[in-house]
Amino acid sequence: MRNIKMYLQFDGSRYAGWQRLGDDDNTIQGKLETLLRKMTSEEVNVIGCSRTDKGVHAKALVCNFFTNSDMTIDAIESYINRYLPDDIVVYNLLEEDERFHSRYNAKSKLYRYTIDNNKYQDVFTRKFTSHVPKKLNIDLMQKAANELVGTFDFAAFTTMKSKKKSSIRTIMNINILKESNYIYIDFEGDGFLHNMIRIITGTLVRVGKEEISPKDVKSILEAGDRSIAGPMIEAKGLCLIEVRY
């Protein structure tokens, strides 16, 4: 069978996340699989590099699927984009080796969380940013973020309920940049737990408001207690930027 690799971007505002939920087609995976089944007359399973949550966006999500179809790559790309909703676009397709797996072969993922730190929210960016009107101390936020770089048990920063799954992950970098009252928090890691980035960001916002200190963040990490970490910030400010192989 042919193994087709796809790069896509989507506005996740009206979707329940990446992963198909039963018969619910209101997911990115569900939309793609429904379309590909019609195109190929086959049962198609689209494998995604990451299970983005409800309301989260992607600039470069990678996925793959297997098919016996003899359609050309150009024909497949044209068909998909013709029938996909306007808020989902597949911008590159190519054939991969049969062993390629979009999730298992990924070495790291880069996400960006965007905060609108203006007094009033910009109506033109409101779907892709979280509005925090109080001015944030970026230096303190970066110091706190540095405490989370490395390989740790991130149990304090996830809503994952299963105790059987490991909550150990590696964060390679967290970089915080402010431009024109927009704050960009870039996370690169080998993988992220359920709601992990949003909870870390909510905690960093507390540091930025000077409600807690960078040392408190280290203590929260070491305690492994979700109840003492910051609130989970809303999904709409989060975007998958790149997957590195």
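- Both the sub-6.0 Å distance and the 45° axial angle are not jointly satisfied by Lys31 relative to the ring of Phe10.
- Side-chain contact of Asp216 with Ser219: a donor-acceptor pair under 3.5 Å is absent, judged by distance alone.
- Of the listed residues (Val89, Ile76, Leu8), just one forms a side chain to side chain contact (heavy atoms under 4.5 Å, CB included) with Asn81, and that residue is Val89.
- Looking at residues two or more places apart in sequence or on another chain, you find no ring-ring contact (aromatic ring centres under 6.0 Å, His included) involving Tyr182.
- Leu84 is listed as a side-chain neighbour of Leu32, based on a closest heavy-atom distance under 4.5 Å.
- In terms of modelled atom types and a separation under 3.5 Å, the side chain of Arg169 and the main chain of Ser166 share a donor-acceptor contact.
- Remark: Ile228 engages Ile220, Ala223, Asp225 in a side-chain contact (heavy atoms from CB on, under 4.5 Å) (not counting sequence neighbours).
- With hydrogens and angles disregarded, no donor-acceptor distance shorter than 3.5 Å links the side chain of Glu33 to the backbone of Glu43.
- For the side chain to side chain contact (heavy atoms under 4.5 Å, CB included) with Phe152, the lone residue among Leu221, Ile168, Ile171 that qualifies is Leu221.
- Considering only heavy atoms from C-beta on, Ser130 stays 4.5 Å or farther from Thr201 through its side chain.
- In terms of the ring-ring contact (aromatic ring centres under 6.0 Å, His included) criterion, Phe124 has no residue partners (sequence neighbours excluded).
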Candidate pair Glu242 and Asp186, rule side chain to side chain contact (heavy atoms under 4.5 Å, CB included), full reasoning: CA-CA 11 Å; Glu242 183 181 358; Asp186 291 339; over 6 Å; no
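- Applying the side-chain contact (heavy atoms from CB on, under 4.5 Å) rule to Lys38 yields the partners Thr34, Tyr79; only residues at least two apart in sequence or on another chain are considered.
- Side-chain atoms of Asn181 and Lys135 include a donor-acceptor pair closer than 3.5 Å.
- Legend: residues meeting ring-ring contact (aromatic ring centres under 6.0 Å, His included) with Tyr184, ordered by chain and number and at least two apart, are absent.
- Remark: aromatic rings of Phe192 and Tyr111 are close, center separation under 6.0 Å.
- Judged as a side chain to side chain donor-acceptor pair (under 3.5 Å), the pairs with a partner in residues 56-74 (not counting sequence neighbours) are, in order, Asn3-Asn64, Asp11-His57, Glu42-Thr67, Asn64-Ser102.
- Counted by atom type alone, Asn118 and Asp116 present one or more donor-acceptor pairs between their side chains at under 3.5 Å.
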